[in-house]
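Please read the structure below before turning to the comments.
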Amino acid sequence: QNVAQAFSLVFAAEIGDRSFLATIALSSAYNPVGVALGAIGGHAIATGIAVVSGAYLAKYLSARLINYISGTLFLIFALTTALGVF
């Protein structure tokens with residue numbers, strides 16, 4: 001069940017984002033197998049870092065505090081994106 005939840009959350013979040021569109025563009029210009037392997041490897045590494053970091057932080061911070069921090073960061077990123085800061 002945890003695998004299905006993680007899969008559905010990541011799948012829904014990744015469809016249509018910039019990395020998804022960049023992968024489409026790269027695969028139209030380069031070898032699709034190489035692009036797929038690179039995309040899978042890059043995403044696996046990024047996800048691995050997130051999982052290890054989350055497990056480490058969970059030892060020292062409550063889930064409630066992590067939710068507040070991630071919610072605040074989400075709003076900051078949304079605001080900076082809307083204002084075109086980055």
How many angstroms lie between atom CD1 of I45 and atom CD1 of I40, to the nearest 0.5 angstrom? 12.0 Å
Using 0.5 Å steps for rounding, measure from the CG atom of L57 to the OG atom of S62. 11.5 Å
Going by chain and number, the hydrophobic cluster around F7 (ILVMFWY, side chain to side chain under 4.5 Å) further includes F11, I15, F20, L21, I24
From the options L75, I76, I69, select the one residue that forms a side-chain contact (heavy atoms from CB on, under 4.5 Å) with T72. I76
Show which side-chain atoms of residues 47-56 pair as donor or acceptor with protein atoms under 3.5 Å away, not counting sequence neighbours.
unit_1, atom_1, unit_2, atom_2, d
T47, OG1, H43, O, 2.8
S53, OG, I49, O, 2.8

Only pairs under 3.5 Å count here: list side-chain donor-acceptor contacts from residues 28-37, not counting sequence neighbours, and write none if there are none.
unit_1, atom_1, unit_2, atom_2, d
S28, OG, A25, O, 2.7
N31, OD1, V33, N, 3.0

If hydrophobic clusters are built by linking Ile, Leu, Val, Met, Phe, Trp and Tyr wherever their side-chain heavy atoms come under 4.5 Å apart, do L61 and L73 end up in the same one? yes
